[in-house]
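What follows is a set of notes on a single structure, which appears directly below.
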Amino acid sequence: MCGIVGYIGSKDAKEILLDGLKELEYRGYDSAGISLLCDGKFSYFKAVGKLENLVQKMQKCSSNGSVVGIGHTRWATHGKPTEINAHPHQASRSFVVHNGIIENYQAIKKELQSSGVVFASQTDTEVIVHLFESFVKDGLSDYEAFEKCIDTLEGAYAILLMTKSSPDTIYFAKHGSPMILGINEDNEKFFGSSDAALIGKCSQVIYLEDGDYGCVTSDSITLYNKEHTRAELAFVPLTVTKLSAQKDGFRYFMEKEIYEQSEVISDTLLGRLSDDMIVFDELDEALFDGIDEIKLCACGTSYHSALAASYLFERLSKIRVSVEIASEFRYREPLMSQNTLFIVISQSGETADTLETLKMAKKAALRSLVICNVDNSSMVRLADASILTRAGIEKGVASTKAFATQMMVLWMLSIYVAKIRQSLTSKQISDEINTMREVSRVTLVKEGMHERITRLSKRYLHGHGFFFIGRDIFYPLALEGALKLKEISYLHAEGYPSGEMKHGPIALADPELFTIALMPQHMLYEKTKSNIEELSARDSTICVISSIEFDKADDFIALESHGHYMLEFFEMMIALQLLSMQIAIRLDNDVDMPRNLAKSVTVE
Ligand code: AGP
């Protein structure tokens with residue numbers, strides 16, 4: 001959600017900042033902007049829409065020599081996606097970029113307005129730069145003014161600020177939104193709201209903690225922590241490589257990521273399967289001592305994997321499970337007991353609602369575990385333990401390989417817990433493990449299936465809605481299928497338990513209602529079949545995904561015949577992802593950066 005970059009150095013700042021923003025564009029793409037301070041002179045550029053528009057506007061700008069620059073790609077929270085509302089925001093001598101939400105911005109704005117400050121934008125961000133300058137006007141040094149400014153702000157933020165009177169300096173602060181500071185051997189300094197913006201540019205980074213703030217010049221870094229005491233510069237190597245963030249000849253990142261699933265699933269399993277046990281080197285079994293309940297908490301797709309995992313934990317590990325939508329959980333005054341293991345699931349590790357629930361669990365002294373794709377993310381740093389999903393960088397806003405690897409880790413974890421709780425025999429455990437070894441093969445995209453879905457997709461571009469239906473663990477998969485379709489096709493879709501259709505939604509059934517029915521051979525096949533027959537009798541248009549042909553279906557996507565419902569789960573997952581993508585392509589939508597969305601939702 002929004003991307004931030006910053007640079008101090010003597011190379012081509014414009015190119016460096018634009019390149020960083022390009023890497024972050026998938027996080028927010030309503031508008032973008034850059035400001036540069038070169039030889040004491042400010043220049044700034046803003047453009048609405050995709051980053052390419054900013055690139056065009058900056059064509060004539062040259063930024064060689066000693067330059068300080070900050071940039072931003074926006075996902076609008078306060079105020080429409082217009083040029084005026086695009087960052088950087090300015091006062092008379094300073095510019096600021098910000099990610100997050102300033103909760104007390106209205107009160108600050110009112111006060112500044114009463115002292116004559118005129119605001120140009122509708123954003124919460126603009127108060128930061130005016131507030132800073134008002135403190136300078138009161139006689140504080142730039143540093144003191146910045147410190148007082150961030151002390152006044154409430155809410156979540158990552159901020160970069162530059163000002164004419166400190167021409168070689170970037171002031172920074174982090175509270176609740178991610179920010180990384182990087183350096184390299186050429187004495188250049190970089191900021192990025194995610195390491196994607198820093199890959200290939202710097203070798204050492206500091207993942208700033210909440211409450212950290214300070215300033216950077218070409219030859220110094222000053223870092224303070226939330227107690228206002230000078231903090232040590234704890235650099236760590238930046239290990240991610242650029243390779244994993246390219247399209248590799250695919251039309252879209254989403255397509256590439258669907259095709260990558262087989263490979264990343266192998267990575268997820270690497271070193272974690274033995275003949276009769278799951279090996280998580282990163283876990284200490286003591287984490288489960290005295291635990292008699294698991295609470296899973298997440299948002300969006302990660303919530304769907306949590307819901308799917310609840311079926312696995314109860315069926316295989318015989319442990320009580322509750323599943324929570326993070327944005328609901330955080331405000332409903334939940335009861336938390338200390339024999340509950342609190343598990344958060346997140347691709348990014350930065351989702352504001354999920355992060356907040358983790359903080360709540362920590363405060364309540366619950367043991368916590370995060371299942372996450374991004375090492376060093378806020379959640380990984382905060383939780384007692386973490387399991388990385390190893391999906392690699394996921395750029396498509398519609399999550400695919402992150403979901404696949406989360407499901408793999410959760411399935412493995414259910415077996416790991418089953419072993420501790422002795423809820424499965426050794427034979428049952430090794431059967432599950434042997435099945436896991438097949439997932440990589442099952443998730444290889446078969447050209448035949450892709451072609452069939454491409455052909456079918458033309459029949460599903462209209463209608464008054466889609467119902468994705470399934471039973472048991474295939475119900476969360478149906479939810480995920482519906483979410484994928486909504487996100488990138490903008491068609492209305494709902495995921496529903498098959499057996500629940502007759503309690504209301506079946507009233508919608510007619511030929512223009514499209515039902516995508518998940519019919520696994522090895523999970524309640526006959527029950528699901530009856531539910532689909534009920535819909536067929538009411539003339540709903542039905543597309544069945546199954547390994548068993550079904551004569552009541554209008555369309556059929558054939559699966560291989562598998563011996564285990566989880567293999568059917570993973571192959572159906574591929575079919576659902578391809579179906580959404582092909583529909584979105586036919587509708588000429590932006591598959592990787594669908595409207596109104598952002599990859600990582602760091603505001604609540
Ligand atoms: C998935 O396709 C979505 N774009 C979205 O629902 C996402 O899963 C959600 O925002 C949670 O993100 P996280 O996994 O990074 O926490």
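In this chain, residues are counted from 1 in sequence order. Just so you know, ligand 1 is whichever comes first in the structure, and atom 1 is the first atom listed for that ligand. Please read these numbers as outputs of a predicted model, since none were measured by experiment.
- Listed by chain and residue number, nothing satisfies the side chain to side chain donor-acceptor pair (under 3.5 Å) test with Arg452 (two or more places apart in sequence, or in another chain).
- Salt-bridge check for Arg330 with Asp353: passed, with a basic side-chain N closer than 4.0 Å to an acidic carboxylate O.
- Residues passing the side chain to side chain donor-acceptor pair (under 3.5 Å) test with Glu494, sequence neighbours excluded: none.
- By the 6.0 Å contact criterion, CD on Glu263 is open, its count of non-hydrogen atoms from other residues, nucleotides or ligands being 12 or less.
- Annotation: Lys363, atom NZ; neighbour count of heavy atoms from other residues, nucleotides and ligands within 6.0 Å does not exceed 12.
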Which N/O atoms of ligand 1 sit under 3.5 Å from a protein N/O, and at what distances?
| unit_1 | atom_1 | unit_2 | atom_2 | d |
| --- | --- | --- | --- | --- |
| ligand 1 | 2 (O) | Thr301 | OG1 | 3.3 |
| ligand 1 | 2 (O) | Ser399 | N | 2.8 |
| ligand 1 | 2 (O) | Lys484 | NZ | 3.1 |
| ligand 1 | 2 (O) | Glu487 | OE1 | 2.8 |
| ligand 1 | 2 (O) | Glu487 | OE2 | 3.0 |
| ligand 1 | 4 (N) | Val397 | O | 2.9 |
| ligand 1 | 4 (N) | Glu487 | OE2 | 2.7 |
| ligand 1 | 6 (O) | Thr301 | N | 3.3 |
| ligand 1 | 8 (O) | Thr301 | N | 3.1 |
| ligand 1 | 12 (O) | Thr351 | OG1 | 3.4 |
| ligand 1 | 14 (O) | Ser302 | OG | 2.6 |
| ligand 1 | 14 (O) | Gln347 | N | 2.7 |
| ligand 1 | 15 (O) | Ser346 | OG | 3.4 |
| ligand 1 | 15 (O) | Gln347 | N | 3.4 |
| ligand 1 | 15 (O) | Ser348 | N | 2.9 |
| ligand 1 | 15 (O) | Ser348 | OG | 2.7 |
| ligand 1 | 15 (O) | Thr351 | OG1 | 3.3 |
| ligand 1 | 16 (O) | Ser346 | OG | 2.6 |
| ligand 1 | 16 (O) | Thr351 | OG1 | 2.4 |

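- Not counting sequence neighbours, the partners of Arg315 by the side chain to side chain donor-acceptor pair (under 3.5 Å) test are Asp472.
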